[in-house]
Amino acid sequence: AEVQVVNKKGEIETKKVEKFIFVVAIRDVHSGDILGYSFDHSENHAVYAQAMKMAVQNAGYLPYEFVMDRFPGHNTPQMKDLFERMEHLGVKLTVTHKANDKAGVERFFRTLQSVFLMDSKYFYGEGIMSRGLAAHRSAEYIKKIKQDSKKLGWDLYQSIEESTIHLEKYRATPLSKYSRKHSKVHLSPKDLHEYCEKPHVTEVSQAQISMLFGLRKPITIKQNGQFTSEMVGVEFDYMISPAYYDIISNYHGKQVVMTYALE
């Protein structure tokens, strides 16, 4: 990765440094399916919010309960606002550091690493705290892969693309392929999530998902539903469709909240 640093002369210069990517995974407890995930060089509130957004968009619902760590940024104003909105919609939020309270999360990551990521020549190995004999690549292997990846111009985007392939492979692989405990379960986590009953979830619309996870700004509705809004220094013109404008025409000339995603 390229980072900007200030040298001894007080000048800003760009340096290339070695970084690892983090994956934040939102996992369904019953099926083990990974409903949402996001990558970054560091843990922060934005990468968690992105993974949660993907999970809700893929599932089409909010879960009965959301269990999480006290991750970096969990107490930022943005995340507090998100959690309050989720609770208002009926989600039970549980913050814990106890392994027993996070059903199978550690076991899932061990499976992901030992069964799926080991197929990747760019996989560094399990966490530095792991004491497993096969938890890490050899120093000679890592040195060679660093040289090879440098020649190929390996970067964050390629790393994310390759990691995504392995995550999706986990989702689509039947449990019987690698689990002795579930040797008779010939369905994948993705299949199990699709087929299972979901009696306690809260279904949400795209508008609700946007209000939960999107950026928000006030606008004034006028000119029969046409409005202009500036985002990241660029002006965009929008037209509210006639069907929706009939519903909100009572707000003509008044300020309302618009939600949007930069992408």
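This is a predicted model, so every value here is computed, not measured. Heavy atoms only: backbone and side chains are in, while hydrogens, waters and symmetry mates are out.
- Between Y178 and F116, a ring centre-to-centre spacing shorter than 6.0 Å is recorded.
- Taking all atoms of both residues into account, the shortest heavy-atom contact from F39 to S163 is CE2-CB, 3.6 Å.
- No donor-acceptor pair under 3.5 Å is formed between the side chain of R171 and the backbone N or O of P189.
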Evaluate Q50 against Y37 for side chain to side chain donor-acceptor pair (under 3.5 Å), listing each step before the verdict. CA-CA 7 Å; Q50 288 164 3; Y37 49 84; over 6 Å; no
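- Between the side chain of S159 and the main chain of D155, no donor-acceptor pair closer than 3.5 Å is present.
- Side-chain atoms of T76 come within 3.5 Å of backbone N or O of G73 as a donor-acceptor pair.
- Closest heavy-atom contact between N58 and L35: ND2-O, 2.8 Å.
- Using modelled atom types and a 3.5 Å distance limit, the side chains of T94 and E65 yield a donor-acceptor pair.
- The backbone N or O of T173 sits nowhere less than 3.5 Å from a side-chain atom of K190 that would complete a donor-acceptor pair.
- Residues L167 and L112 have side chains in contact (heavy-atom distance under 4.5 Å, counting atoms from C-beta outward).
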Yes or no on side chain to side chain donor-acceptor pair (under 3.5 Å) for E162 and S120, after CA distance, side-chain angles and deciding distance? CA-CA 8 Å; E162 203 241 6; S120 168; 2.6 Å; yes
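- Counting only distance, with no hydrogens or angles, the side chain of S114 and the backbone of R110 share a donor-acceptor pair below 3.5 Å.
- Within the 3.5 Å criterion, the main-chain N or O of S188 finds a donor-acceptor partner in the side chain of D191.
- When all heavy atoms of D69 and T96 are compared, the pair lying nearest together is OD1-O, 3.1 Å.
- For H74 (side chain) and F71 (main-chain N/O), a donor-acceptor pair under 3.5 Å exists by modelled atom type.
- Between the side chain of K217 and the backbone N or O of E230, at least one donor-acceptor pair lies under 3.5 Å.
- When all heavy atoms of I209 and Q57 are compared, the pair lying nearest together is CG2-CG, 3.8 Å.
- Taking hydrophobic clusters as Ile, Leu, Val, Met, Phe, Trp and Tyr residues chained together by side-chain heavy-atom distances below 4.5 Å, M211 does not share a cluster with M79.
- In terms of heavy atoms, A25 sits closest to I34 at CB-CG2, 4.0 Å.
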Residues D119, K169; criterion salt bridge (Lys or Arg N to Asp or Glu O under 4.0 Å); working and verdict: CA-CA 11 Å; D119 290 340; K169 187 177 178 181; 3.4 Å; yes
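- Shortest non-hydrogen contact noted between F227 and T220 is CB-O, 4.2 Å.
- With hydrogens and angles ignored, the 3.5 Å screen pairs no side-chain donor or acceptor of D33 with any backbone N or O of H193.
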